[in-house]
Amino acid sequence: GELTVRFLDVGQGDATLVQHPDGTAVLFDGGPPEGGVVRLLRRAGVRRLAVVVATHASRDHHGGLAEVLARYDVGMLLDGGDGSGDPAFRDVLREAARRGVRVVPALAPMSLAAGSVRVRVLSPPPRPPGPAPEDPNARAVVAVVSVGAFDLLLSADAESDALLPLALPDVDAMKVPHHGSADPGLPAALGRLRPRLAAIEVGPNTYGHPAPSTLRALERAGVTTYRTDRDGTVTLTVAEGRIRVATER
């Protein structure tokens, strides 16, 4: 009976689930293929997904989405692949076509409503014709998910270089970009976003995620921060202007 946001523990990858009391569910990314996102969706009680967002072509973000599309009734797929030729990402699009899922390019500016959940895509803008950029992170989907007065920023792997040129609103919560990688512009982004809570979706990795500088920036900004590698799935429950947090461990 309450709005729920789950930062799902899929290991080193992203999968964020938003569930409204009216039954609307929206999923941003599906983690890597071995992340078990379908199991986690079942555990969360998901029966249908109004919108699935593939933020960009990266195995730890889109890897679990082909199975999600195969197992769930999905209303719409927002395609953030940016024209990628990545075979695994093309498999996601083929599965969407096989299941008759409407596919919409995730390009800014865009605003859509799924039940009482509003999704505003802030980035990326359209780009000139040609091959997709070699590094997809900077053009990953940046979106604000809003329900009533609650606002959540989800920016996949798009770091401050991509965020700071945008008209960033104040938000209540955010997913820290790119698994908490080192990002010199993060303090400036935090100063504009002013979140109360943040989650880092991260697992065992060899990249040094989350970076000590990122953790310091969050602490100095007074942002209460959770990590899926330590806390497991992090669940925010929003009601009457208050946010409650529950962790698996």
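- Ion pairing between R242 and E2 fails under the 4.0 Å rule for side-chain N and carboxylate O.
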Report task. Report the C-alpha distance between D82 and R127 in whole Å, list the side-chain angles of each, state the deciding distance to 0.1 Å, and finish with yes or no for side-chain contact (heavy atoms from CB on, under 4.5 Å). Result -> CA-CA 9 Å; D82 209 28; R127 64 175 178 84; 3.3 Å; yes

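- With respect to the salt-bridge test (charged N to carboxylate O, under 4.0 angstrom), the residues R227 and E201 do not qualify.
- Residues meeting the side-chain hydrogen bond (donor to acceptor under 3.5 Å, both in side chains) test with R48, sequence neighbours left out: D73.
- For H61, the ring pair (Phe, Tyr, Trp, His ring centres under 6.0 Å) test picks out H56, H179, with sequence neighbours left out.
- Note on V145: it clusters hydrophobically with L78, by side-chain heavy-atom contacts below 4.5 Å among ILVMFWY residues.
- Under the rule for a side-chain hydrogen bond (donor to acceptor under 3.5 Å, both in side chains), the partners of R98 that lie at least two apart in sequence or sit in another chain are E95.
- Residues K175 and D14 are paired through a salt bridge, judged by an N-O separation under 4.0 Å between the basic side chain and the carboxylate.
- Hydrophobic clustering, with ILVMFWY side chains joined whenever heavy atoms are under 4.5 angstrom apart, keeps V53 apart from L122.
- Not counting sequence neighbours, the partners of V46 by the side chain to side chain contact (heavy atoms under 4.5 Å, CB included) test are L17, Q19, A25, L41, A44, L49, Y72.
- In terms of the side chain to side chain contact (heavy atoms under 4.5 Å, CB included) criterion, residue partners of E34 (sequence neighbours excluded) are, by chain and number, P32, R59.
- Partners of F89 by ring pair (Phe, Tyr, Trp, His ring centres under 6.0 Å), not counting sequence neighbours, listed by chain and number: H62.
- For R194, the CZ atom is loosely surrounded, since the number of other residues' heavy atoms within 6.0 Å does not exceed 12.
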